[in-house]
There are 2 protein chains.
Amino acid sequence: MSLKHAVLALLEAEEGSGYDLMKRFQARLGYFWNASHQQIYQQLKKMHSEQLISLAVETQSDKPDRKVYSITPKGCRDLQQWLAEPVKPNKINDALLVKLYAGELAEPASLQAEIARHRTIHRQTLNTFLGIEREYHASPSAEQRTLQLPFLTLRRGILGEQAWLAWADEVDAVLAQRQP
Amino acid sequence: MSLKHAVLALLEAEEGSGYDLMKRFQARLGYFWNASHQQIYQQLKKMHSEQLISLAVETQSDKPDRKVYSITPKGCRDLQQWLAEPVKPNKINDALLVKLYAGELAEPASLQAEIARHRTIHRQTLNTFLGIEREYHASPSAEQRTLQLPFLTLRRGILGEQAWLAWADEVDAVLAQRQP
DNA sequence: CCTCAATATGCAATAAATTGCATAAAATTG
DNA sequence: CAATTTTATGCAATTTATTGCATATTGAGG
């Protein structure tokens, strides 16, 4: 249940509304933690009821109310405690590999097309990451220091995507040879 | 919902009881699809009610009954249809990266220890994979041909683990420099 | 032979995630 | 300016997954 702690980490840096948090989640943790907007809204509600976060409703005469969440000292302790505990190695659920495993029953061309589709996505993701990496390297070294740990998560993304693409080349070679 | 199709793929190759399937699942798909024994038993029950698989109860006088599931033609069609459809690129939920992202709040030594723990696990996994790869290369070429696609999933595991370990080296370098 | 782990099932309760809406203001575009 | 998309929120139902038991057999070790 790290969704909770992921949100706490975001709130520790800065307070925000549900939507804010969703956006920040997507931008900063989205690559390595997936969460839908419902999950985030529901999680916020739950965390509020557990007093890990507090809620300030900014009444606005014209617009609908804005609910801004902040982390509480209790939430902060919860986060720090989580950080001190070991996390379980994460489980992988990769449907593409299931498909490849059972690939004998599929049309080879359909497998090839599927790999191509995924390759496009992975290449785009990699390009995005490389762009962020360039920005990072162009930023002042004080900022680089601040972002050193998030940068490591970016590196994970880059190395992971590169490995994926290298693997896809192997797959293509095998599939091409199977049905020439 | 590929758990269903993963199980169907296993049953397509050979019938089996819940426990059989669980074991085969672990051995063959376990690296890239995680499923607990409850999930598998429950899924089998559900698939049976949907007539995707059939059930033969072997009554045994001394031992408890053995329930053997086989794939039905309907199940086979379902599997093939799934194989023909595109699968969504899989979502990643990696708590370790969440932790690293929020790492400023943690003890650097605790982060290092955590990385070390995970490194051990990943190195072991890689070694297991490399062992299987050696077996594969030592097997007769007819068998290599049969296992070509499952072998590709193994390659994914190998490349993925190698990339992880290379990343862990980067992480160690940064963490060591942060608190000398 | 007794005990303890491993094999081989499975139920029930809970928690978490997904799906499918639903609303309504703000910004954009034709 | 009307129509559409994007922003911003959230409920309720369903599906999936996890947790915590609960049995009963088999095999191995002391």
Side-chain angles (χ1 to χ4, degrees), chain A residues 1-8 10 15-27 29-30 33-50 52-53 55-69 82 87-95 98, chain B residues 1-8 10 15-27 29-30 33-50 52-53 55-69 82 87-95 98:
Chain A
M1 209 214 345
S2 317
L3 172 57
K4 178 166 115 176
H5 298 105
V7 173
L8 282 177
L10 289 177
E15 60 170 34
S17 70
Y19 198 75
D20 283 348
L21 287 163
M22 191 200 108
K23 286 288 159 186
R24 280 156 60 188
F25 205 105
Q26 219 101 75
L29 311 173
W33 197 277
N34 192 288
S36 68
H37 71 114
Q38 275 86 354
Q39 265 177 286
I40 291 176
Y41 281 119
Q42 282 167 35
Q43 194 61 47
L44 285 169
K45 206 195 321 184
K46 196 177 162 206
M47 284 157 71
H48 182 241
S49 82
E50 289 166 359
L52 301 174
I53 60 181
L55 171 58
V57 182
E58 292 175 10
T59 317
Q60 298 171 114
S61 47
D62 46 344
K63 302 176 192 180
D65 293 353
R66 190 177 138 80
K67 292 186 185 179
V68 177
Y69 293 98
W82 178 75
V87 293
K88 279 187 259 189
N90 88 72
K91 57 168 205 197
I92 297 166
N93 284 52
D94 191 333
V98 174
Chain B
M1 208 214 343
S2 318
L3 172 57
K4 179 167 114 176
H5 298 105
V7 173
L8 282 177
L10 289 177
E15 59 170 36
S17 69
Y19 198 75
D20 283 348
L21 288 162
M22 189 200 110
K23 285 287 159 186
R24 281 156 59 190
F25 205 106
Q26 219 103 75
L29 311 174
W33 198 277
N34 191 289
S36 68
H37 72 115
Q38 274 86 354
Q39 264 177 287
I40 291 175
Y41 281 118
Q42 282 169 39
Q43 194 60 46
L44 285 168
K45 208 196 320 186
K46 195 178 165 206
M47 285 158 71
H48 182 240
S49 80
E50 290 165 1
L52 302 174
I53 59 180
L55 171 59
V57 182
E58 292 177 9
T59 317
Q60 298 172 114
S61 46
D62 46 345
K63 301 174 192 181
D65 292 355
R66 191 177 137 80
K67 292 186 185 180
V68 177
Y69 293 98
W82 178 75
V87 292
K88 279 186 263 190
N90 89 72
K91 56 166 207 198
I92 297 166
N93 284 52
D94 190 334
V98 174

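Residue numbers begin at 1 in each chain, while the letters A, B, ... track the order of the sequences.
- Summarising the geometry of A:Ala95 relative to B:Trp82, their closest heavy-atom pair is O-CH2, 3.9 Å, with the distance given to 0.1 Å.
- In this structure, A:Lys45 reaches the D:dC11 phosphate: one of its side-chain N or O atoms is under 4.0 Å from OP1 or OP2.
- Between the P atom of D:dT6 and the CD atom of A:Gln26 lies a distance of 15 Å, rounded to the nearest Å.
- Dashed line: the shortest gap from a side-chain N or O of B:Lys67 to OP1 or OP2 of C:dG10 is under 4.0 Å.
- Checking the phosphate oxygens (OP1, OP2) of C:dT9, a side-chain nitrogen or oxygen of B:Ser17 falls inside 4.0 Å.
- Atom NZ of A:Lys67 is separated from atom NE2 of A:His48 by 9.0 Å, given to the nearest 0.5 angstrom.
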Restricting both atoms to N or O, compile the protein contacts to nucleotides 16-19 of chain C shorter than 3.5 Å, with distance only.
unit_1: C:dA16; atom_1: OP2; unit_2: A:Lys46; atom_2: NZ; d: 2.9
unit_1: C:dA17; atom_1: OP2; unit_2: A:Gln39; atom_2: NE2; d: 3.2
unit_1: C:dA17; atom_1: O5'; unit_2: A:Gln39; atom_2: NE2; d: 3.3
unit_1: C:dT18; atom_1: OP1; unit_2: B:Lys91; atom_2: NZ; d: 3.0
unit_1: C:dT18; atom_1: OP2; unit_2: A:Gln39; atom_2: OE1; d: 2.9

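- Residues forming a side chain to side chain donor-acceptor pair (under 3.5 Å) with B:Asn34 (at least two apart in sequence, or on another chain): none.
- Remark: A:Ser2 pairs with no residue by the side chain to side chain donor-acceptor pair (under 3.5 Å) rule, at least two apart or across chains.
- An OP1 or OP2 oxygen of C:dG10 is reached within less than 4.0 angstrom by no side-chain nitrogen or oxygen of B:Tyr41.
- In terms of the side chain to side chain donor-acceptor pair (under 3.5 Å) criterion, B:Asn93 has no residue partners (sequence neighbours excluded).
- If you measure from atom NZ of B:Lys4 to atom P of D:dT16, you get 8 Å, rounded to the nearest angstrom.
- Protein atom CE of B:Met47 is 12 Å distant from nucleotide atom P of D:dT16, rounded to whole Å.
- Residues A:Arg24 and A:Glu15 come closest through the heavy atom pair NH1-O, 3.2 Å.
- With sequence neighbours left out, B:Gln26 forms a side chain to side chain contact (heavy atoms under 4.5 Å, CB included) with B:Met22.
- In this structure, A:Ile40 atom CD1 and D:dG10 atom P are separated by 13 Å, rounded to whole Å.
- Rounding to the nearest 0.5 angstrom, the gap separating the CH2 atom in A:Trp33 from the CG atom in B:Asp94 is 8.0 Å.
- Summarising the geometry, the separation between NE2 on B:His37 and P on C:dG10 is reported as 11 Å, rounded to the nearest angstrom.
- Computed from coordinates, the B:Tyr19 OH to C:dG10 P distance equals 13 Å when rounded to whole Å.
- Between its two ends, the helix from C:dC1-D:dG30 to C:dG30-D:dC1 turns its axis by 40°, counting five pairs per end and rounding to 10 degrees.
- A straight line from CE of B:Met22 to P of C:dT7 spans 9 Å, rounded to a whole angstrom.
- A:Leu52 and A:Leu8 get closest at one heavy-atom pair: O-CD2, 4.2 Å.
- What separates CG of B:Leu55 from C1' of C:dT9 is a distance of 13 Å, to the nearest Å.
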